Amino acid sequence: MKRISLTQYLVEEQREHNTIPAELRLLIEVVARACKTISHAVGKGALGEVLGSADIENVQGEVQKKLDILSNEILLEANEWGGHLAAMASEEMETIHRIPHRYPQGEYMLLFDPLDGSSNIDVNVSIGTIFSVLKAPEGLGVPTEADFLQPGSKQVAAGYAVYGPQTVLVLTTGNGVNCFTLDREMGSWVLTQRNMQIPLETKEYAVNASNARHWHAPVTRYMDELQAGVTGPRGKDFNMRWIASMVADVHRILNRGGIFMYPADMRDPSKPGRLRLMYEANPIAFIVEQAGGAATNGQIRIMDIKPELLHQRVPVFLGSKQEVDLVTSYHKEA
Ligand code: AFP
């Protein structure tokens with residue numbers, strides 16, 4: 001099999017489709033290199049003294065793990081000096097990170113969830129990194145939080161890495177979705193899946209069912225129908241999978257279909273859902289749509305939401321189009 005590296009893929013993509021200018025290519029390669037470093041740290045586990053809590057709370061009020069902090073630092077340090085970025089924002093940092101004056105400022109802005117699935121770190125279950133790339137506004141001086149508040153439809157690239165039995169990097173620049181596998185011996189990313197497509201139909205769903213008693217009526221209606229199985233209105237049995245790392249659940253859905261849901265519920269109206277729009281929902285929605293799936297907040301496309309806050313949360317329904325359309329229609333009817 002002829003091996004195509006990430007670099008070769010990016011260069012050829014630029015040549016053929018003109019979608020990846022040199023600065024964006026550098027940005028993607030630097031992020032991919034940082035993911036390699038994070039993968040290495042994850043792989044060391046207890047031997048690298050990276051497991052356990054750091055006993056510090058992040059801006060979301062969640063206790064940070066050592067690996068959350070380390071992954072955040074790896075991504076910041078890797079991306080500061082290349083001249084391709086104007087600023088960065090991370091789920092783990094209260095406000096944006098400007099590029100230090102000693103480095104040139106570039107035309108892109110990078111957002112990331114450095115370590116998705118933190119509760120799985122210490123138990124050796126797949127975790128990941130999610131990233132999203134936006135263009136800085138024209139004539140940008142000193143970047144502010146407001147410059148980041150662009151809808152997901154403005155993303156020029158998005159991707160995620162999964163640190164699992166294999167380390168993979170899934171990437172879109174708006175021309176389909178491709179998957180690269182890390183060759184650990186060679187230290188290189190190799191193209192292993194071209195043009196990933198989410199099957200239209202599915203028999204699998206992913207949701208944290210322990211929240212069922214708090215769900216709103218449209219979600220309960222949809223879930224009751226799925227769980228009624230072959231004798232219910234859907235006429236088929238569905239299976240459930242929940243990894244509690246969005247990247248790992250999404251990676252399964254990209255490969256064999258399914259729907260992933262993290263709905264808002266009736267508990268705390270100030271927290272509409274658990275997932276963050278800018279670091280999780282937008283980049284994953286971009287990838288899912290590019291793979292032929294759909295992603296909504298129950299009402300509208302995730303990527304059409306106009307962000308109001310950097311750390312804003314949103315309800316999320318994404319994956320196989322038929323299922324996402326159905327649960328979205330239940331919300332609209334209600
Ligand atoms: P972190 O961003 O804190 O790592 O949380 C992961 C996550 O946002 C997402 O990856 C999972 O799908 C979800 O949380 C798991 O949440 P539960 O605790 O409800 O299983």
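Read the numbers this way: they start at 1 and go in the same order the structure lists the ligands and their atoms. Just so it is clear, the structure is predicted and the values come from calculations on it, not from any experiment.
- Under the side chain to side chain contact (heavy atoms under 4.5 Å, CB included) test applied with Leu171, the options Asn178, Leu6, Val177 reduce to a single match, Leu6.
- Identified under the side chain to side chain donor-acceptor pair (under 3.5 Å) test for residues 69-84, with sequence neighbours left out: Asn72-Ser90, Asn79-His84, Glu80-His97.
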Pairs of donor and acceptor atoms involving the side chains of residues 235-242, under 3.5 Å and at least two apart or interchain, shall be tabulated with distances.
unit_1	atom_1	unit_2	atom_2	d
Lys236	NZ	Glu201	OE1	3.4
Lys236	NZ	Thr202	O	3.0
Asp237	OD1	Val230	N	2.8

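- Within the structure, ring pair (Phe, Tyr, Trp, His ring centres under 6.0 Å) contacts touching residues 121-142 (residues at least two apart or in different chains) do not occur.
- By the 4.0 Å N-to-carboxylate-O rule, Arg301 lies close enough to Glu289 to be salt-bridged with it.
- Looking at Tyr160 and Asp116, their side chains never bring a donor and an acceptor atom within 3.5 Å of each other.
- Listed as neighbours of ligand 1 are Glu62, Glu91, Asp113, Leu115, Asp116, Gly117, Ser118, Asn208, Trp242, Ala244, Ser245, Met246, Phe260, Tyr262, Arg274, Leu275, Arg276, Glu280, each bearing a heavy atom under 4.0 Å from the ligand.
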